[in-house]
Every structure is written in structure tokens, then in C-alpha cells.
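Here's the structure, in C-alpha cells; my notes come after.
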Number of protein chains: 2
Amino acid sequence: MDKSASILSTALKLFVQYGFHGTPTSKIAVEAGVSNGTLFHYFKTKDELVVTLYNQTKEELNTHLFEKIDQGETFKDKFRNMFVYSLKWGVAHPEEFFFLQQFHFSPHLALVPAEDIARHSQKHTQLLEGAVQAGIFKYLPTELIATLAWSQINGMYEFLVKCDLCSDKKEQIINDAFDLTWLMLVNPAKL
Amino acid sequence: MDKSASILSTALKLFVQYGFHGTPTSKIAVEAGVSNGTLFHYFKTKDELVVTLYNQTKEELNTHLFEKIDQGETFKDKFRNMFVYSLKWGVAHPEEFFFLQQFHFSPHLALVPAEDIARHSQKHTQLLEGAVQAGIFKYLPTELIATLAWSQINGMYEFLVKCDLCSDKKEQIINDAFDLTWLMLVNPAKL
DNA sequence: ATATAAACTGACTAATCACTCTACAAATGT
DNA sequence: ACATTTGTAGAGTGATTAGTCAGTTTATAT
């Protein structure tokens, strides 16, 4: 395994467990099996390591998601895939998903340029924007719809982690939750 | 102003801006206008300060909320008050609200005993539990309903902060969002 | 008035941390 | 074969930090 990747994956584990400032770079280096100097060879500063890890993790989730979204035929299918596979990815990669949440609600978010954040959510936003324009969703600000959908996913994730269900139950309840979200956002005139 | 309270309110501001570990106790003391020793006279450790601040802030929100919930006559009124006044309180106390979110998604949450967390949400949970039993809400785990409702509030808060609307628009969109949430959770047989 | 306790101070400390520096090894190009 | 870049190591450094301590002021009780 490539040392840079080893540093990133070790950092992820430790950040989730001890927080950003609670994890010294020295500990990351030791647990990753590299020297202190090597860590700073790949990442100029600790902040750069944190931000790189965020961008990389976000991109992993997005790549997975875009693939699934593209598999949907109707808009509802695409939206369902976005919802369902976000959660499935989260359940399959709990550390990564938690890290994204942790980063999002920390002052480190300010280190990511606004344009990068916008780019991360560009494709999702376009998808939703189209549905608002087409009258599929209620006539509300796209930003609001995006935020509500995302927070539903976050909330569901928290529930899935808190209540350790068998994977059948998980699947079932993810689908139920999608139906609720769809019901909430869809334009009743189109039903 | 009492020194202990001054320390807490200064810590809140700095934690929100720089994060927990990014804020030295020395800085808190200076900005609060007390000596370093005084800070440790009131709070044995920095972690104790953080946790105390969390418990206090959570309690402030809860006290406010319980009062508003009790003013509702029907269950829908109570639930609406919970939803609407959570957001209004958040808009009026942005630092406090952000701090609660920041703490919730940080490893510091582990420092709060599970029973304390349960106690914090006990009354809300009871309210929702009753509505599930009475068939007002869909027949879903109360925990799920609570988590979904709470994440709707979180998401709405993020939206309100991101889009700086005038207070009339804010009021309007909070009410709209409540209607969406209600629609999502309510048992259609009871409509 | 005096004793006792509580509040308060700020210099101090031991530990820790992000990051640097020098040296060496491996790969790569010519 | 040689030169140059790139990767790696780990001891070292200066700054910073949570927490202490010895001593002073203020409040309270008798």
C-alpha cells in the first residue's frame, strides 16, 4: 500500500475516534507505519491533510452516487437511488460517513473554498433543480429541497447506526424513509 | 456578570469560531476577563468546561421549548410549536444552536453519559410516543420519527442561515417546512 | 473583631505538538 | 556510469498548552 494512502486511511480512523486536534500527526505517522517526516513530505500541513481527506472522501461518495443515479430511468428512480445509495454507502463505510458529518459541522469547513463545496454538490443540485422546474417537486427553493433531502439522509443514517437492525430490516426502513421523503417533497398536482 | 457565566459565554463564542481544541483555555480566560487559575477553579478540566457548556445550552433550549410545547392544545399544535420554536430559537441564538450541532457531531459527545442524553430528549420522545400510540403518526419506531423530525429542524436551520432572508420570509418558510414535515409523518388514515 | 472558607490571581511547569532539518536511499533520466 | 530528483527517516526545535501552586483578596460566620 502506497504510503500517502496509508497516511490518509489511518488519519480517517483516528480523526473519527479522537477528533482533528485530538489526533497528533506523530500518532498518525506511527500508526500508518511511516516516519514523521514522510507525513509532512506528502502533506505540507496538518490542515492540508484534513482537507485532502475530506475532498477525497466526498469524491468517493459522489463517484459511487453518480453511477447509481445514472442507472435510474425516471426522475423518481434517480432520486430514489441517490437517497437509498447514500445510506447504503454510509452503512457500508461508517467511518467515512461519520467523518464527512464531523468535518461538515466543524470550523475546518471554512478551509474549503466555497467553489469546491459548490462543485461537490453541483450534479445533485442540477438534478433537483430540473425536478422543480418540471413541476415534479413542490415549487420551493431548490436549495431548500436539497437541504431537506440531505438532512433526511443524515437523520436516517443516525437512526440506522443507533438501532442496530439486521440488514433486511435496514433495507426495508430505508425504502420506507424514501417514500416519506418523496411524499413530503413531491408536487401533489402530479400525483 | 458572574465569572463562571462569563467563562461559559466566552468559551461558546470561541469554540464556535475556532473549535474545541483550537481554543486554548488561556484565551478563554483572557477574553472572559478572568485569570487562568479562576477558569480551573470553576472547571476542573477543559473537557468539563465543554460538557458543562453543552448541558447548559441544551437545557436552555429545552426549557424554552417545553414552555412553548405546553402552550399547544392539540397534539398538532404541540408538535408545531416544538418544530417552529426550535427554529426560532436557533435563529435568535445562532452561536448556541451551532454549538449544539458542533458538539453533537464531535467525539466530545462520548463524554456525556447515555442517560444524560436520554434525559435531554425524554419529554420530546414521550410526546412523539403518545402520538404514535394514538395513531396520529404513521406506525413507525418512535426513535425514527424523533430522528427524522430533529434532522428536518437541523436541515431547515442550515437553510435559514445559508439564505439570509428577511424575517417575514423566514417565518413563512418555517411554517411551510412544518407542513411538509407533518405531511410526511402523519397517518393518512387520520387525515 | 477574628477565624475560616471561598474566590481569585498569574507566574510557572512538564508535556506535547506541528513542523524542520540533515542525511541517506531509491528511483529515474541521460 | 553519473547526476538529479524523489522518497524516507528520525532526531531536534521552538512554540504552545492544560493544568498547578503558592499566595492574596474578598466574603461569611461566629
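Residue numbers begin at 1 in each chain, while the letters A, B, ... track the order of the sequences. Just so it is clear, the structure is predicted and the values come from calculations on it, not from any experiment.
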Check: CZ of F40(B) versus P of dA7(C): gap in Å, rounded?
Finding: 17 Å

Checklist line | Donor + acceptor pair across side chains of E59(B), N55(B) (<3.5 Å) | finding: no

Notebook entry, point to check: What is the distance, rounded to the nearest whole Å, between atom CG of D47(A) and atom P of dC17(C)?
Noted result: 16 Å

Note to self: I want to check a possible cation-pi pair here: K88(B) against Y85(B), using under 6.0 Å from ring centre and within 45° of the ring axis as the test.
What the structure shows: yes

Item checked: Sugar-phosphate or base contact per nucleotide [nucleotides 6-12 of chain D; S, B, -; heavy atom under 4.0 Å] -> -SBBB--

Notebook entry, point to check: Taking the six-membered ring of F66(A) as reference, does the NZ or CZ atom of K123(A) fall below 6.0 Å from its centre and within a 45° cone about the axis?
Noted result: yes

Next item on the list: May I have the distance from I28(A) (atom CD1) to dC17(C) (atom C1'), rounded to whole angstrom?
Entry: 12 Å

Show me the donor-acceptor pairs, under 3.5 Å and distance only, between side chains in residues 21-32 of chain A and residues at least two apart or in other chains.
| from | atom 1 | to | atom 2 | distance (Å) |
| --- | --- | --- | --- | --- |
| T23(A) | OG1 | L14(A) | O | 3.2 |
| T23(A) | OG1 | G19(A) | O | 2.7 |

Notebook entry, point to check: Atom CD1 of I7(B) to atom C1' of dT9(C): distance rounded to whole Å?
Noted result: 12 Å

Next item on the list: Take atom CZ of F20(A) and atom P of dA18(C), then tell me their distance rounded to the nearest Å.
Entry: 13 Å

Note to self: Atom NZ of residue position K162(A) - does it have more than 12 heavy atoms of other residues, nucleotides or ligands inside 6.0 Å?
What the structure shows: yes

Checklist line | d(CZ, F43(B); C1', dT20(D)) in whole Å | finding: 18 Å

Next item on the list: Answer yes if L111(A) and F103(A) sit in the same cluster of Ile, Leu, Val, Met, Phe, Trp and Tyr residues linked by side chain heavy atoms under 4.5 Å apart, and no otherwise.
Entry: yes

Next item on the list: Using whole Å, report how far CG of L14(A) lies from P of dA18(C).
Entry: 12 Å

Note to self: In whole Å, I'd like the distance from the CG atom of D2(B) to the P atom of dA6(C).
What the structure shows: 17 Å

